[in-house]
Amino acid sequence: MISFENVSKKYQDGTAAVDSISFTVQKGEFFVLIGPSGSGKTTTLKMMNKLIPLTEGFIYINGKKISDYNIHELRWNIGYVLQQIALFPHMTIEENIAIVPELKNWQKDKTRKRVTELLQMVGLEPEVYRNRKPKELSGGEQQRVGVVRALAADPDIILMDEPFSALDPISREKLQEDIIHLQKAIKKTIVFVTHDMNEALKLADRICLMNHGKIVQVGTPEEIIHHP
Ligand code: ADP
Ligand code: ADP
């Protein structure tokens, strides 16, 4: 589904953020990138949907070279959840979730049904929440909307960059449970960045350990615990 072959990223100031990494993420897998701050996790994630260009190597998405993808095609089929809440403040919750479906010209009824379904999925009563503005929601609720917004148009792949790190421990735990259930239900390919090993062990099918722009180890949580 996602394959990196000797991929490197050097920023214009000379920083070698990612240094010849290779790995494959299987369809339906929950793949967690973990490592200390500055180890290259975010850079790796951003290269997967062409938010930044790679310097060397090849990335394949569904067998097709990333350089051969039209940027819209790629963005529409890859959902992206950021660390900081990024809902549009002047739009309602429903409008925020409907952004990509509208870009794809979905019928109004279909979009509305989808919004209802997504809000229910993360325990937000649709009739209470759909017409609210983001500032009328708690941080944890906003982040839940951010997560389901990335799922709205049914992308094949979802990229998440420390989506829960700004939350209090209780909201964080609730969202971790939500995302485990979501992934079981929708069987999407998820690439999830964190620096929290407990979070990685809880969520991952496989964990990819990074340090100084290189991959140190890739394995299941059991393998990571028993062969650190
Ligand atoms: P690219 O090579 O992807 O175009 P750039 O090297 O142009 O990226 O960097 C984009 C911007 O980020 C620049 O203004 C750069 O100065 C700035 N930047 C530099 N160092 C860092 C850093 N450590 N973290 C985030 N941004 C940085
Ligand atoms: P992580 O997500 O693991 O914290 P990053 O991928 O954000 O790591 O950063 C990897 C390295 O690249 C760090 O040394 C960081 O300072 C540097 N870096 C990130 N963005 C930029 C940028 N735009 N320009 C220059 N250096 C950057």
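Just so you know, ligand 1 is whichever comes first in the structure, and atom 1 is the first atom listed for that ligand. Because the structure is a prediction, the values reported are computed rather than measured.
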What pairs with K50 under salt bridge (charged side-chain N to carboxylate O under 4.0 Å, His left out), at least two apart in sequence or on another chain? none
Which of the listed options, A16, A17, G213, G38, holds the heavy atom that is closest to atom 1 (P) of ligand 2? G38
Ligand 2 contact by S37, heavy-atom criterion under 4.0 angstrom: yes
Modelled atom types, side-chain donor and acceptor of E5 and S22, under 3.5 Å: no
The one among T15, N211, D13 that brings a heavy atom closest to atom 14 (O) of ligand 2: T15
Have D196 and T194 got a donor and an acceptor in their side chains that come within less than 3.5 Å? no
Would you kindly specify which portion of T43 sits under 4.0 Å from ligand 2, judged on non-hydrogen atoms: side chain, backbone, both or neither? both
Taking the side chain as everything from C-beta on, heavy atoms only, tell me whether Y129 gets closer than 4.5 Å to E136. no
Show the atoms of ligand 2 that are less than 4.0 angstrom away from any heavy atom in S39. 1 (P), 3 (O), 8 (O)
At the 4.0 Å heavy-atom cut-off, does P36 count as touching ligand 2? yes
Taking atom types as modelled, is there a side-chain donor on D161 or T42 under 3.5 Å from an acceptor on the other? yes
